[in-house]
Amino acid sequence: MLDSKPGSEEPSVTETEAREECPECGSLRHLHDYRRAEVVCSDCGLVIEDRIADQGPDWRGLDSDERLAREHTGPPTTYTIHDKGLSAMIDPRDYDAGGSPLKPQTKAQMSRLRKWDRRARISGSVERNLSWALSELDRVAGQLQLPRNVREAASLLYRKTVENGLTRGRSMESSTASALYISCRQFGIPRTLEEMADVTKYNKKELGKSYRVMARDMGIHLPPVNAMDYVPRFTSLLGLPGRVGTKAGAILREVIDEGMGSGRGPAGIAAAAIYTACVLEDAKRTQKEISEITGVTEVTVRNRYKDIAEYLNLDVDG
DNA sequence: AAGACGAAAGTGGTTGA
DNA sequence: TCAACAACTTTCGTCTT
(Lines give C-alpha, C1' and ligand atoms only; values in the text may rest on other atoms or scores of the structure.)
Protein backbone atom coordinates (compact mmCIF):
# COMPACT_ATOMS: atom_id res chain seq x y z
CA MET A 1 0.00 0.00 0.00
CA LEU A 2 2.96 2.26 0.37
CA ASP A 3 4.45 2.25 -3.04
CA SER A 4 2.36 1.19 -5.94
CA LYS A 5 4.14 -1.28 -8.16
CA PRO A 6 6.18 0.32 -10.85
CA GLY A 7 5.44 -2.70 -12.95
CA SER A 8 1.80 -1.81 -13.42
CA GLU A 9 1.81 -0.83 -17.01
CA GLU A 10 -0.99 1.29 -18.21
CA PRO A 11 -0.51 2.80 -21.59
CA SER A 12 0.82 6.12 -20.50
CA VAL A 13 1.92 7.30 -23.87
CA THR A 14 -0.41 7.87 -26.76
CA GLU A 15 0.30 9.37 -30.12
CA THR A 16 -2.02 11.94 -31.54
CA GLU A 17 -2.35 14.14 -34.56
CA ALA A 18 -1.83 17.67 -33.36
CA ARG A 19 -3.41 20.83 -34.60
CA GLU A 20 -0.25 22.83 -34.39
CA GLU A 21 2.99 21.75 -35.89
CA CYS A 22 6.12 21.32 -33.92
CA PRO A 23 8.02 24.60 -33.82
CA GLU A 24 11.25 22.68 -34.22
CA CYS A 25 10.67 20.33 -37.10
CA GLY A 26 7.12 21.01 -38.25
CA SER A 27 5.87 17.54 -37.54
CA LEU A 28 2.22 17.04 -36.68
CA ARG A 29 2.72 13.80 -34.80
CA HIS A 30 2.85 14.42 -31.11
CA LEU A 31 3.21 12.03 -28.23
CA HIS A 32 1.15 12.54 -25.12
CA ASP A 33 3.09 11.17 -22.24
CA TYR A 34 0.71 11.23 -19.34
CA ARG A 35 3.07 9.71 -16.86
CA ARG A 36 5.53 12.53 -17.32
CA ALA A 37 2.76 14.94 -18.17
CA GLU A 38 4.27 16.15 -21.39
CA VAL A 39 3.44 16.53 -25.00
CA VAL A 40 6.45 15.60 -27.00
CA CYS A 41 7.02 15.81 -30.72
CA SER A 42 7.24 12.29 -32.12
CA ASP A 43 9.86 13.16 -34.65
CA CYS A 44 12.34 15.45 -32.97
CA GLY A 45 11.50 14.93 -29.33
CA LEU A 46 10.91 18.56 -28.52
CA VAL A 47 8.74 19.05 -25.48
CA ILE A 48 5.90 21.09 -26.82
CA GLU A 49 3.86 21.40 -23.72
CA ASP A 50 4.31 20.18 -20.22
CA ARG A 51 1.93 19.64 -17.35
CA ILE A 52 -0.91 18.46 -19.54
CA ALA A 53 -2.19 16.55 -16.54
CA ASP A 54 -3.60 19.82 -15.30
CA GLN A 55 -6.07 19.94 -18.11
CA GLY A 56 -8.11 16.87 -17.59
CA PRO A 57 -9.12 14.00 -15.41
CA ASP A 58 -5.90 12.29 -16.18
CA TRP A 59 -4.51 11.86 -12.75
CA ARG A 60 -3.25 8.38 -12.66
CA GLY A 61 -1.06 5.78 -11.09
CA LEU A 62 -2.21 6.59 -7.58
CA ASP A 63 -4.28 4.69 -5.14
CA SER A 64 -7.88 5.50 -4.47
CA ASP A 65 -7.17 7.56 -1.38
CA GLU A 66 -5.00 9.85 -3.30
CA ARG A 67 -7.35 10.04 -6.18
CA LEU A 68 -10.08 11.08 -3.83
CA ALA A 69 -7.96 13.66 -2.13
CA ARG A 70 -7.02 15.08 -5.44
CA GLU A 71 -10.35 15.02 -7.09
CA HIS A 72 -11.17 18.67 -6.74
CA THR A 73 -7.85 20.22 -6.05
CA GLY A 74 -6.39 21.65 -8.94
CA PRO A 75 -5.06 23.72 -11.59
CA PRO A 76 -4.96 27.47 -11.59
CA THR A 77 -8.48 27.82 -12.96
CA THR A 78 -9.96 27.50 -9.50
CA TYR A 79 -7.55 30.00 -8.19
CA THR A 80 -8.13 32.56 -10.87
CA ILE A 81 -11.85 32.65 -10.26
CA HIS A 82 -11.49 32.41 -6.55
CA ASP A 83 -11.84 36.09 -5.73
CA LYS A 84 -14.01 37.00 -8.63
CA GLY A 85 -17.14 38.82 -7.59
CA LEU A 86 -16.89 37.60 -4.06
CA SER A 87 -15.37 40.54 -2.27
CA ALA A 88 -17.37 43.73 -2.30
CA MET A 89 -15.85 47.13 -2.69
CA ILE A 90 -16.37 49.67 0.01
CA ASP A 91 -16.88 53.09 -1.44
CA PRO A 92 -13.80 55.12 -0.60
CA ARG A 93 -15.70 58.41 -0.38
CA ASP A 94 -17.42 59.42 2.81
CA TYR A 95 -20.89 60.00 1.42
CA ASP A 96 -23.94 57.90 1.81
CA ALA A 97 -26.04 56.52 -0.99
CA GLY A 98 -28.01 59.70 -1.21
CA GLY A 99 -24.91 61.84 -1.59
CA SER A 100 -24.94 63.45 1.84
CA PRO A 101 -21.82 63.54 4.01
CA LEU A 102 -21.59 60.88 6.70
CA LYS A 103 -21.76 61.58 10.39
CA PRO A 104 -18.29 61.62 11.99
CA GLN A 105 -19.08 58.43 13.87
CA THR A 106 -20.10 56.59 10.73
CA LYS A 107 -17.08 58.03 8.96
CA ALA A 108 -14.76 56.48 11.52
CA GLN A 109 -16.60 53.21 11.26
CA MET A 110 -16.28 53.15 7.50
CA SER A 111 -12.60 53.88 7.75
CA ARG A 112 -12.18 50.94 10.09
CA LEU A 113 -14.13 48.75 7.72
CA ARG A 114 -11.94 49.76 4.82
CA LYS A 115 -8.86 48.96 6.80
CA TRP A 116 -10.08 45.47 7.59
CA ASP A 117 -11.27 44.97 4.06
CA ARG A 118 -7.80 45.82 2.80
CA ARG A 119 -6.24 43.40 5.23
CA ALA A 120 -8.63 40.65 4.28
CA ARG A 121 -7.80 41.17 0.62
CA ILE A 122 -4.09 40.93 1.19
CA SER A 123 -4.29 37.87 3.34
CA GLY A 124 -6.69 36.47 0.78
CA SER A 125 -4.06 36.73 -1.89
CA VAL A 126 -1.47 35.14 0.33
CA GLU A 127 -3.90 32.32 0.92
CA ARG A 128 -4.55 31.92 -2.74
CA ASN A 129 -0.87 31.77 -3.58
CA LEU A 130 -0.35 29.31 -0.84
CA SER A 131 -3.16 27.10 -1.96
CA TRP A 132 -1.87 27.15 -5.50
CA ALA A 133 1.62 26.34 -4.34
CA LEU A 134 0.41 23.50 -2.20
CA SER A 135 -1.52 21.95 -5.00
CA GLU A 136 1.51 22.25 -7.24
CA LEU A 137 3.52 20.61 -4.52
CA ASP A 138 0.99 17.83 -4.34
CA ARG A 139 1.07 17.35 -8.06
CA VAL A 140 4.82 16.91 -8.18
CA ALA A 141 4.79 14.73 -5.09
CA GLY A 142 2.14 12.59 -6.70
CA GLN A 143 4.14 12.08 -9.85
CA LEU A 144 7.16 11.15 -7.82
CA GLN A 145 5.04 8.77 -5.74
CA LEU A 146 6.06 10.35 -2.49
CA PRO A 147 4.35 9.31 0.74
CA ARG A 148 2.12 11.61 2.76
CA ASN A 149 4.58 12.47 5.45
CA VAL A 150 7.05 13.87 2.98
CA ARG A 151 4.36 16.02 1.44
CA GLU A 152 3.37 17.29 4.84
CA ALA A 153 6.95 18.13 5.68
CA ALA A 154 7.44 19.83 2.35
CA SER A 155 4.26 21.86 2.78
CA LEU A 156 5.38 22.99 6.19
CA LEU A 157 8.81 23.91 4.92
CA TYR A 158 7.28 25.84 2.07
CA ARG A 159 5.00 27.75 4.44
CA LYS A 160 7.92 28.66 6.64
CA THR A 161 9.90 29.80 3.67
CA VAL A 162 7.07 32.05 2.60
CA GLU A 163 6.65 33.41 6.13
CA ASN A 164 10.31 34.30 6.24
CA GLY A 165 9.93 36.16 2.98
CA LEU A 166 12.45 33.95 1.25
CA THR A 167 10.37 33.20 -1.81
CA ARG A 168 10.48 36.72 -3.08
CA GLY A 169 11.95 36.89 -6.52
CA ARG A 170 11.71 33.16 -6.99
CA SER A 171 9.03 31.25 -8.77
CA MET A 172 6.60 29.23 -6.73
CA GLU A 173 7.39 26.16 -8.78
CA SER A 174 11.06 26.23 -7.99
CA SER A 175 10.31 26.85 -4.34
CA THR A 176 7.85 24.01 -4.01
CA ALA A 177 10.20 21.69 -5.86
CA SER A 178 13.02 22.70 -3.54
CA ALA A 179 10.90 22.12 -0.47
CA LEU A 180 10.03 18.66 -1.74
CA TYR A 181 13.57 17.79 -2.65
CA ILE A 182 14.85 18.85 0.75
CA SER A 183 12.11 16.95 2.55
CA CYS A 184 12.89 13.82 0.59
CA ARG A 185 16.49 14.05 1.60
CA GLN A 186 15.55 14.55 5.21
CA PHE A 187 13.30 11.54 5.16
CA GLY A 188 16.01 9.39 3.69
CA ILE A 189 14.08 8.66 0.53
CA PRO A 190 15.96 10.91 -1.84
CA ARG A 191 14.88 11.60 -5.36
CA THR A 192 17.55 12.53 -7.83
CA LEU A 193 17.54 16.01 -9.28
CA GLU A 194 16.91 14.31 -12.60
CA GLU A 195 13.67 12.87 -11.36
CA MET A 196 12.60 16.22 -10.00
CA ALA A 197 13.52 17.85 -13.27
CA ASP A 198 11.37 15.38 -15.17
CA VAL A 199 8.20 16.52 -13.46
CA THR A 200 8.89 20.23 -13.19
CA LYS A 201 9.78 22.80 -15.76
CA TYR A 202 13.25 23.25 -14.36
CA ASN A 203 16.41 21.39 -15.19
CA LYS A 204 18.86 19.76 -12.87
CA LYS A 205 21.07 22.77 -12.62
CA GLU A 206 18.33 25.23 -11.78
CA LEU A 207 16.79 22.92 -9.22
CA GLY A 208 20.15 22.29 -7.66
CA LYS A 209 20.82 25.96 -7.27
CA SER A 210 17.36 26.67 -5.96
CA TYR A 211 17.29 23.97 -3.31
CA ARG A 212 20.75 24.94 -2.08
CA VAL A 213 19.65 28.50 -1.60
CA MET A 214 16.54 27.44 0.27
CA ALA A 215 18.45 25.09 2.54
CA ARG A 216 21.01 27.76 3.30
CA ASP A 217 18.44 30.48 3.92
CA MET A 218 16.39 28.27 6.16
CA GLY A 219 19.43 27.13 8.05
CA ILE A 220 18.88 23.52 7.10
CA HIS A 221 21.97 21.39 7.06
CA LEU A 222 21.47 18.52 4.67
CA PRO A 223 23.71 15.54 5.29
CA PRO A 224 25.11 14.06 2.11
CA VAL A 225 22.90 11.59 0.34
CA ASN A 226 23.39 8.06 1.49
CA ALA A 227 23.85 5.81 -1.52
CA MET A 228 22.02 3.10 0.38
CA ASP A 229 18.85 5.15 0.34
CA TYR A 230 18.57 4.76 -3.41
CA VAL A 231 18.81 1.00 -3.48
CA PRO A 232 15.27 -0.15 -2.63
CA ARG A 233 13.63 2.18 -5.08
CA PHE A 234 16.04 1.56 -7.93
CA THR A 235 15.87 -2.19 -7.56
CA SER A 236 12.12 -2.07 -7.47
CA LEU A 237 11.97 0.21 -10.50
CA LEU A 238 14.19 -2.26 -12.29
CA GLY A 239 11.85 -5.08 -11.34
CA LEU A 240 14.61 -6.94 -9.56
CA PRO A 241 13.96 -9.61 -6.95
CA GLY A 242 14.56 -8.80 -3.31
CA ARG A 243 17.72 -10.81 -2.98
CA VAL A 244 19.46 -8.59 -5.52
CA GLY A 245 18.56 -5.56 -3.45
CA THR A 246 19.93 -7.21 -0.33
CA LYS A 247 23.08 -8.14 -2.16
CA ALA A 248 23.48 -4.64 -3.52
CA GLY A 249 23.06 -3.28 -0.01
CA ALA A 250 25.73 -5.61 1.31
CA ILE A 251 28.12 -4.63 -1.45
CA LEU A 252 27.47 -0.98 -0.82
CA ARG A 253 28.09 -1.21 2.88
CA GLU A 254 31.35 -3.01 2.34
CA VAL A 255 32.56 -0.71 -0.37
CA ILE A 256 31.60 2.47 1.42
CA ASP A 257 33.25 1.33 4.62
CA GLU A 258 36.37 1.10 2.57
CA GLY A 259 36.09 4.80 1.82
CA MET A 260 34.99 4.46 -1.78
CA GLY A 261 32.10 6.78 -1.18
CA SER A 262 34.11 9.93 -0.78
CA GLY A 263 33.97 12.33 -3.64
CA ARG A 264 31.86 10.10 -5.83
CA GLY A 265 28.23 10.68 -6.60
CA PRO A 266 26.06 8.46 -4.42
CA ALA A 267 23.66 7.63 -7.19
CA GLY A 268 26.52 6.37 -9.33
CA ILE A 269 27.81 4.12 -6.59
CA ALA A 270 24.33 2.83 -5.86
CA ALA A 271 23.80 2.11 -9.55
CA ALA A 272 27.08 0.25 -9.81
CA ALA A 273 26.39 -1.75 -6.66
CA ILE A 274 23.07 -2.79 -8.11
CA TYR A 275 24.71 -3.71 -11.38
CA THR A 276 27.29 -5.75 -9.54
CA ALA A 277 24.57 -7.48 -7.56
CA CYS A 278 22.78 -8.27 -10.82
CA VAL A 279 25.87 -9.91 -12.23
CA LEU A 280 26.54 -11.89 -9.09
CA GLU A 281 22.95 -12.93 -8.61
CA ASP A 282 22.47 -13.80 -12.24
CA ALA A 283 19.58 -11.39 -12.65
CA LYS A 284 21.11 -9.52 -15.49
CA ARG A 285 20.16 -6.00 -16.39
CA THR A 286 22.14 -4.14 -19.00
CA GLN A 287 24.19 -1.15 -17.99
CA LYS A 288 21.92 0.86 -20.19
CA GLU A 289 18.76 -0.17 -18.35
CA ILE A 290 20.36 0.69 -15.05
CA SER A 291 21.66 4.01 -16.24
CA GLU A 292 18.22 4.94 -17.52
CA ILE A 293 16.53 4.23 -14.21
CA THR A 294 19.18 5.70 -11.98
CA GLY A 295 19.90 8.76 -14.06
CA VAL A 296 23.64 8.23 -14.20
CA THR A 297 25.35 7.45 -17.46
CA GLU A 298 26.48 4.06 -18.59
CA VAL A 299 30.04 5.24 -18.42
CA THR A 300 29.74 6.10 -14.76
CA VAL A 301 28.03 2.82 -14.00
CA ARG A 302 30.96 1.13 -15.72
CA ASN A 303 33.61 3.10 -13.92
CA ARG A 304 32.12 2.54 -10.49
CA TYR A 305 31.53 -1.09 -11.37
CA LYS A 306 35.17 -1.41 -12.25
CA ASP A 307 36.15 0.07 -8.90
CA ILE A 308 33.83 -2.25 -7.02
CA ALA A 309 34.89 -5.35 -8.95
CA GLU A 310 38.51 -4.52 -8.35
CA TYR A 311 37.93 -4.21 -4.65
CA LEU A 312 35.79 -7.31 -4.46
CA ASN A 313 38.34 -9.45 -6.26
CA LEU A 314 41.00 -8.44 -3.81
CA ASP A 315 38.69 -9.65 -1.13
CA VAL A 316 38.03 -13.33 -0.45
CA ASP A 317 34.44 -13.95 -1.40
CA GLY A 318 32.41 -12.44 -4.18
C1' DA B 1 23.23 -7.03 -33.61
C1' DA B 2 23.55 -5.83 -28.95
C1' DG B 3 26.09 -5.25 -24.99
C1' DA B 4 30.40 -4.16 -22.64
C1' DC B 5 34.46 -1.51 -22.43
C1' DG B 6 37.41 2.46 -22.80
C1' DA B 7 39.54 6.88 -24.71
C1' DA B 8 39.04 11.74 -25.45
C1' DA B 9 36.95 16.03 -25.03
C1' DG B 10 33.57 18.92 -22.73
C1' DT B 11 30.72 20.58 -18.59
C1' DG B 12 29.56 22.31 -14.01
C1' DG B 13 31.00 22.56 -9.24
C1' DT B 14 34.47 22.92 -5.63
C1' DT B 15 38.74 24.61 -3.72
C1' DG B 16 42.63 27.33 -2.71
C1' DA B 17 45.34 31.44 -3.64
C1' DT C 1 37.53 36.66 -8.14
C1' DC C 2 39.99 33.48 -10.89
C1' DA C 3 42.47 29.34 -12.14
C1' DA C 4 43.27 24.49 -11.20
C1' DC C 5 41.17 20.23 -10.37
C1' DA C 6 38.28 16.04 -9.79
C1' DA C 7 34.02 13.90 -10.96
C1' DC C 8 30.80 13.15 -14.29
C1' DT C 9 28.79 13.27 -19.06
C1' DT C 10 28.86 12.90 -24.05
C1' DT C 11 30.43 10.92 -27.97
C1' DC C 12 32.43 7.59 -30.52
C1' DG C 13 35.19 3.60 -31.72
C1' DT C 14 36.54 -1.27 -30.70
C1' DC C 15 36.00 -5.76 -28.76
C1' DT C 16 33.05 -9.66 -27.19
C1' DT C 17 29.12 -12.67 -27.00
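All heavy atoms count here, side chains included; hydrogens, waters and symmetry mates do not. For clarity, every value in this text was computed on a predicted model and none was experimentally measured. Below, chains carry the letters A, B, ... as their sequence lines are ordered, and counting in each starts from 1.
Checked against dG6(B), dG13(B), dA4(B), the side chain of K306(A) finds its nearest nucleotide in dG6(B). Closest to the side chain of V299(A), out of dA4(B), dG12(B), dA7(B), is dA7(B). Comparing dG12(B), dA4(B), dC8(C) against the side chain of R264(A) picks out dC8(C) as the nearest.
Rounding to whole angstrom units, NZ of residue K288(A) and P of dG3(B) are separated by 7 Å. Rounded to an integer number of Å, the gap from Q287(A) CD to dA2(B) C1' is 12 Å. One can place CD of E298(A) at 10 Å from C1' of dC5(B), the figure rounded to the nearest angstrom. The distance between atom CG of L207(A) and atom C1' of dG13(B), rounded to the nearest whole Å, is 16 Å. Rounded to an integer number of Å, the gap from CD1 of I308(A) to P of dA4(B) is 15 Å. Between K204(A) atom NZ and dG12(B) atom P the separation is 11 Å, expressed in whole Å. Y211(A) places its OH atom 12 Å from the C1' atom of dG13(B), with the value rounded to the nearest Å. Atom NZ of K284(A) and atom C1' of dT17(C) are 10 Å apart (whole Å).
With respect to D307(A) and R264(A), a salt bridge is recorded, a charged nitrogen being found less than 4.0 Å from a carboxylate O. Taking a cutoff of 4.0 Å between a charged side-chain nitrogen and a carboxylate oxygen, E258(A) and R253(A) do not qualify as a salt bridge. Salt bridge status for K288(A) with E292(A): present, with a side-chain N to carboxylate O gap under 4.0 Å.
A donor-acceptor contact shorter than 3.5 Å is absent between the side chain of N164(A) and the backbone of L166(A). Using modelled atom types, no side-chain atom of E254(A) and backbone atom of I251(A) make a donor-acceptor pair closer than 3.5 Å.
Under the Watson-Crick or G-U wobble criterion, with both distances below 3.5 Å, dG16(B) is paired with dC2(C).
At the phosphate of dT10(C), neither OP1 nor OP2 sits under 4.0 Å from any side-chain N or O atom of R302(A). Side-chain N/O atoms of Y305(A) include none lying less than 4.0 angstrom from OP1 or OP2 on dC5(B). Of the side-chain N and O atoms in R304(A), one or more sit less than 4.0 angstrom from OP1 or OP2 of dC8(C).
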